[in-house]
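Presented below is the structure to which this report refers.
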Amino acid sequence: MAIDEAISLAHKEGAVPPTVRFYGWNPASLSIGYFQQAEKEVDFQALREHGLGFVRRSTGGRAVLHDQELTYSIVVSERYPGIPANVAEAYAELSSGLLIGVRKLGLDAAMTGQVGVPEVHSGREHVSARKPLTAACFDAPSKYELLVDGCKIAGSAQMRGNGVILQHGSILLELDDEKLFSVLRFASPDIKQRMRSLFGRKASAINDCLRRREMPPVSMHHLENVFRNSFAEGLKAELVNGQLTEGELELAGRLSSEKYGADSWNYRR
């Protein structure tokens, strides 16, 4: 999370070009959205028992278990050619690579456009989807999010500040809903079980969808290659291999210790 923010700040200063980044999590971690109430919605004892990390994102949305997934981020100026001024339309434009990538994997994917709006905040402005059923991100799709067989398989969130867009999200390779629901708080065991059952009908993962079609599952390496190409196609841009600059690394280190690694940020609500 610190690296994503560092890239966006460096891009604001003109120090780095627009950036697409793919990454994973070690250890596997639970992230919660900017507006979630950590103590109310997260079972921290269960988190420790599973050996999971924990962080609050700078973007909106609900809880995500970052485990067997490919995480992506896009940092780009609001003034970049082809980026719509309208928030929802920009969200759809930046998410087009997700749709292309899933279809390249042989899955009949669609981008929903009927329910709510994407989770976005800019300063004090925050536009959110309809009220979620649970604290979990994948319990309901927002507008312009990806569905296969009616199930959400990728979740994204976006924030804007100082003329720069940061959009990041999760592309699920496998989904462990048992582990996810074990680290979330519910009013009672019955409600927890009911919500987990409902979640199972609304969320899925790439390999689950492939197995249902009797197609072979794919590896994380293959997934990254497919989405690298699909994001380039969706953004109509050439993606060039790069590394974080010294300035980005220094800023990310500072943000990691002073913000994303600090209780004052992670437990603030």
Ring-face cation of Arg56 near Phe35 (centre distance under 6.0 Å, axis angle within 45°)
no

Do the side chains of [Y] and [X] get nearer than 4.5 Å, heavy atoms only?
X	Y	value
Ile32	Phe54	yes
Arg57	His168	yes
Val183	Leu65	no
Lys202	Phe199	no
Ile7	Ile3	yes
Leu210	Val218	yes
Leu52	Pro27	no
Gln36	Glu41	yes

From [X] atom [atom1] to [Y] atom [atom2], the distance as rounded to the nearest 0.5 Å:
X	Y	atom1	atom2	answer
Leu173	Asp67	CG	CG	10.0 Å
Asn207	Arg212	CG	CZ	11.0 Å
His66	Leu180	NE2	CG	10.5 Å
His50	Ser182	NE2	OG	3.0 Å
Ser58	Tyr34	OG	OH	9.0 Å
Arg254	Ser256	CZ	OG	12.0 Å

Can you sort out the partners of [X] under side-chain hydrogen bond (donor to acceptor under 3.5 Å, both in side chains), two or more places apart, ordered by chain and number?
X	answer
Asn225	His221
Thr71	Trp25, Glu69
Glu248	Thr245
Asn241	Arg228

Co-membership, hydrophobic cluster, residues Val16 and Phe22, 4.5 Å side-chain
no

For [X], enumerate each residue passing the salt bridge (charged side-chain N to carboxylate O under 4.0 Å, His left out) test, keeping only those at least two apart in sequence or located in another chain.
X	answer
Arg194	none
Glu89	none
Lys192	none

Sequence neighbours excluded and cut-off under 3.5 Å, please list the side-chain donor-acceptor pairs for residues 100-111, or say none.
residue	atom	partner	partner atom	Å
Arg103	NE	Ala109	O	3.2
Arg103	NH2	Ala109	O	3.0
Lys104	NZ	Glu233	OE1	3.4

What I want to find out is whether Asp149 reaches Arg201 closely enough, with some N-O distance under 4.0 Å, to be called a salt bridge.
no

Say whether, by atom type as modelled, one donor and one acceptor occur between the side chain of Arg160 and the main chain of Ile165 under 3.5 angstrom.
no

Is a side-chain donor or acceptor of Ser170 paired with a backbone partner of Leu172 at a separation under 3.5 angstrom?
no

Check [X] against [Y] and note the closest heavy-atom contact, atom names and distance.
X	Y	value
Ile83	Ala90	CG2-CB, 4.2 Å
Phe44	Ala38	CE1-O, 3.6 Å
Gln158	Thr59	C-CG2, 4.0 Å
Ser204	Asp208	OG-CB, 3.6 Å
Ala63	Leu30	CB-CD1, 4.1 Å
Ile153	Cys209	CG2-SG, 4.2 Å

Just checking, any donor-acceptor pair under 3.5 angstrom between side chains of Gln167 and Ser95?
yes

Give the C-alpha distance, both sets of side-chain angles, the deciding distance and a yes or no for side chain to side chain contact (heavy atoms under 4.5 Å, CB included) between Phe186 and Leu184.
CA-CA 7 Å; Phe186 295 87; Leu184 299 178; 3.7 Å; yes

Tell me the salt bridge (Lys or Arg N to Asp or Glu O under 4.0 Å) pairs involving residues 165-177, sequence neighbours left out?
Glu174-Arg211, Asp177-Arg196

If you look only at pairs with a residue in residues 17-33, which of them pass as a salt bridge (Lys or Arg N to Asp or Glu O under 4.0 Å), with sequence neighbours excluded?
Asp4-Arg21

Suppose the criterion is side chain to side chain donor-acceptor pair (under 3.5 Å): which pairs have a residue in residues 5-14, not counting sequence neighbours?
Glu5-Lys259, Glu5-Tyr260

By ring pair (Phe, Tyr, Trp, His ring centres under 6.0 Å) - contacts of Tyr72 (at least two apart):
Phe231

